[in-house]
Amino acid sequence: KELILKKAILAFVYISSLCIICAQNEEKTIFRTWYMKPVQGKSVQLEKGLKDHVKKFHGKGKWPEFYFEVLSGPNSGSFAGWSGPHTWKAFDERDRSKADFDHWNKYVAPFVDNSNGDGIMFLSRKKDIGYGPGAWTDYYHLSWNIIHPGTGGQYREIAALSKKVKEATNSKNHHNIYQLVSGVNADMWLWEYPINSMEELSMSTGGSGSTLSDFEKVLGKKEAEKFGELYRSTIKKRIRELQKLRPDMSSPIPKMSGNNQ
């Protein structure tokens with residue numbers, strides 16, 4: 001009986017450990033993002049207001065917010081805000097102060113033109129189909145992928161094959177993948193390439209970030225052709241944009257390790 005009890009305890013500890021690990025993996029997957037277009041002629045005021053707001057209410061140990069300049073795409077000339085990674089529970093538990101609201105409404109909101117904005121978007125990062133170490137870089141090349149309804153499984157297959165090819169060829173073209181869970185389009189995913197310079201844009205300007213020869217080398221010509229057909233039948237539209245990190249307007253940039261950006 002004692003032996004059975006010991007085995008039961010060990011099994012319980014093992015299962016509990018797995019649950020804890022799973023919970024930890026799920027903790028940092030949710031990101032909130034939004035665009036802020038300056039009112040005509042008020043870009044300097046908006047920038048100043050955001051810097052001051054982040055310094056006062058989003059410093060070390062506080063709710064993190066990171067801001068970027070949008071350099072290309074339909075939102076160029078705007079700032080992009082990102083907050084995360086979070087759990088869903090963190091949003092329920094956040095206690096935003098009146099002083100925070102009041103400062104935002106006085107020094108930020110008056111200089112934002114929201115007439116054509118997409119509003120707030122919530123994204124879930126899919127670490128299993130990302131590739132490369134989590135790291136903060138100076139630029140992020142984003143590809144917003146609008147897929148045909150009902151093809152989410154196919155999109156994940158595309159991502160998994162792309163990751164396989166990159167791993168096999170030891171590609172330096174890293175990427176993160178997010179699924180839009182609430183926002184402008186229910187059938188939208190984000191493919192994000194962290195890069196350190198404009199020169200590195202050349203790595204992420206073709207399809208999934210790997211060349212056709214890479215796919216043929218790893219998958220074979222026939223399977224590479226199937227991949228191309230799958231890609232064309234899944235992705236309806238892509239919108240590309242380049243964002244530049246503004247550390248001077250952001251919460252302290254955390255140190256990253258592994259694939260945990």
- Drop me the distance from Ile253's CD1 to Leu245's CG, to the nearest 0.5 angstrom. 5.0 Å

- Task: Mind listing the closest non-hydrogen atom pair of Ile177 and Ala159 along with its distance?
- Result: CD1-CB, 3.5 Å

- Do Trp34 and Val39 sit in the same hydrophobic cluster, where Ile, Leu, Val, Met, Phe, Trp and Tyr count as joined when their side-chain heavy atoms come under 4.5 Å apart? no

- Message: Does any part of the side chain of Leu71, heavy atoms only, come nearer than 4.5 Å to the side chain of Gln243, both counted from C-beta?
- Response: no

- Task: In sequence, state the C-alpha distance, the side-chain angles, and the governing distance for Tyr35 and Glu241, and then conclude on side-chain hydrogen bond (donor to acceptor under 3.5 Å, both in side chains).
- Result: CA-CA 12 Å; Tyr35 293 100; Glu241 71 178 32; 2.7 Å; yes

- Task: Just do the side-chain hydrogen bond (donor to acceptor under 3.5 Å, both in side chains) check on Tyr107 and Asp52 with the steps written out, would you?
- Result: CA-CA 9 Å; Tyr107 296 104; Asp52 191 44; over 6 Å; no

- One should read off an interatomic distance between Met121 CE and Ser182 OG, to the nearest 0.5 angstrom, of 10.5 Å

- Query: Are a donor atom and an acceptor atom from the side chains of Asn173 and Tyr193 found within less than 3.5 Å of each other?
  - Reply: no

- Query: For Leu190 and Leu180, what are the C-alpha separation, side-chain angles and deciding distance, and is it a side chain to side chain contact (heavy atoms under 4.5 Å, CB included)?
  - Reply: CA-CA 7 Å; Leu190 172 62; Leu180 185 71; over 6 Å; no

- Message: Using side chain to side chain contact (heavy atoms under 4.5 Å, CB included), reason through His58 and Asp100 one step at a time and then give a plain yes or no.
- Response: CA-CA 9 Å; His58 301 281; Asp100 185 341; 4.2 Å; yes

- Query: Would Phe57 end up clustered with Phe66 when hydrophobic side chains under 4.5 Å apart are linked, directly or stepwise?
  - Reply: no

- Message: For Gln179, is there any backbone N or O sitting under 3.5 Å from a side-chain donor or acceptor partner on Ser124?
- Response: no

- Are Glu192 and Tyr178 side-chain neighbours, meaning at least one heavy-atom pair lies under 4.5 Å? yes

- Message: So, applying side chain to side chain donor-acceptor pair (under 3.5 Å) with Thr234, which one of Glu229, Gln154, Arg156 is it?
- Response: Gln154

- Query: Is the NZ or CZ atom of Arg238 positioned over Trp144's six-membered ring, under 6.0 angstrom from the centre and within 45° of the axis?
  - Reply: no

- Query: Under 4.5 Å between any side-chain heavy atoms of Leu161 and Leu219, yes or no?
  - Reply: yes

- Message: Return the NZ to CG distance between Lys244 and Asp138, rounded to the nearest 0.5 Å.
- Response: 8.0 Å

- Message: Within the 3.5 Å criterion, strictly below it, is a donor on Glu157 or Tyr231 matched to an acceptor on the partner's side chain?
- Response: no

- Item | Spatial distance of atom CG (Asn176) from atom CG (Leu142) [nearest 0.5 Å] | 10.0 Å

- Message: Let's go through Ile30 and Thr87 carefully: what are the C-alpha distance in whole Å and the side-chain angles of both, what is the deciding distance for side chain to side chain contact (heavy atoms under 4.5 Å, CB included) to 0.1 Å, and is it a yes or a no?
- Response: CA-CA 6 Å; Ile30 306 302; Thr87 60; 6.0 Å; no

- Task: Determine whether the aromatic ring centres of Phe68 and Tyr139 lie less than 6.0 Å apart.
- Result: no

- Which heavy atom of Val54 sits nearest a heavy atom of Ser250, and at what distance? CG1-C, 3.5 Å

- Task: Would you please say whether a donor-acceptor pair under 3.5 Å links the side chains of Glu167 and Tyr131?
- Result: no

- Item | Greater than 12 external heavy atoms within 6.0 Å of Lys42's NZ | no

- Task: State the NZ-CG distance between Lys55 and Asp248, to the nearest 0.5 angstrom.
- Result: 12.0 Å

- Task: Taking all non-hydrogen atoms of both residues into account, name the closest pair between Ala168 and Val218 and its distance.
- Result: CB-CG2, 3.7 Å

- Side-chain (Ser43) to main-chain (Gln40) donor-acceptor, under 3.5 angstrom: no

- Message: Any heavy-atom pair between the side chains of Phe122 and Phe91 that's under 4.5 Å?
- Response: yes

- Task: Check for a donor-acceptor pair, side chain of Thr33 on one end and backbone N or O of Gly81 on the other, with a separation under 3.5 Å.
- Result: yes

- Task: Begin from the C-alpha positions of Ile129 and Tyr155 and carry the test side chain to side chain contact (heavy atoms under 4.5 Å, CB included) through to its verdict.
- Result: CA-CA 10 Å; Ile129 46 179; Tyr155 191 85; 5.7 Å; no

- Minimal heavy-atom distance between Pro110 and Trp104, with the atoms involved, is CD-O, 4.2 Å

- Examine Met36 and Leu242 and state if one hydrophobic cluster contains both, with Ile, Leu, Val, Met, Phe, Trp and Tyr joined whenever side-chain heavy atoms are less than 4.5 Å apart. no

- Message: Assess, by modelled atom type and distance only, whether the side chains of Ser97 and Asp95 contain a donor and an acceptor separated by less than 3.5 Å.
- Response: no

- Task: Spell out, yes or no, whether Met203 and Met198 are grouped together once hydrophobic residues are joined by side-chain heavy atoms under 4.5 Å, including indirect joins.
- Result: no

- Ring-ring centroid check Phe31 His86, cutoff 6.0 Å: no

- Task: Compare every heavy atom of Pro38 with every heavy atom of Asp113, then report the nearest pair and how far apart it is.
- Result: CB-O, 4.0 Å

- Task: Starting at CZ of Phe227, measure out to CD1 of Ile158 and round the result to the nearest 0.5 Å.
- Result: 5.5 Å

- Shortest non-hydrogen contact between Pro133 and His174, atoms and distance: CD-CE1, 3.4 Å

- Query: Which class fits the ring pair Trp136 and Tyr140: parallel under 30°, tilted 30 to 60°, perpendicular over 60°?
  - Reply: perpendicular

- Identify whether NZ of Lys or CZ of Arg in Arg246 sits under 6.0 Å from the centre of the six-membered ring of Phe79 and within 45° of that ring's axis. no

- Give a yes or no on whether Trp63 and Phe101 share a hydrophobic cluster (residues Ile, Leu, Val, Met, Phe, Trp, Tyr; joining criterion: side-chain heavy atoms under 4.5 Å apart). no

- When you look at Asp128 and Lys126, which way does the salt bridge (Lys or Arg N to Asp or Glu O under 4.0 Å) test go after all the steps? CA-CA 6 Å; Asp128 60 316; Lys126 305 303 179 184; over 6 Å; no

- Should the pair Trp191 and His175 be assigned to parallel (<30°), tilted (30 to 60°) or perpendicular (>60°) ring geometry? tilted

- Query: Would Arg240 and Ser143 count as a side-chain hydrogen bond (donor to acceptor under 3.5 Å, both in side chains) if you check the C-alpha gap in whole Å, the side-chain angles of each, and the deciding distance to 0.1 Å?
  - Reply: CA-CA 5 Å; Arg240 293 293 189 101; Ser143 180; 3.1 Å; yes

- Query: Would you say the side chains of Gln45 and Glu47 form a donor-acceptor pair under 3.5 Å?
  - Reply: no

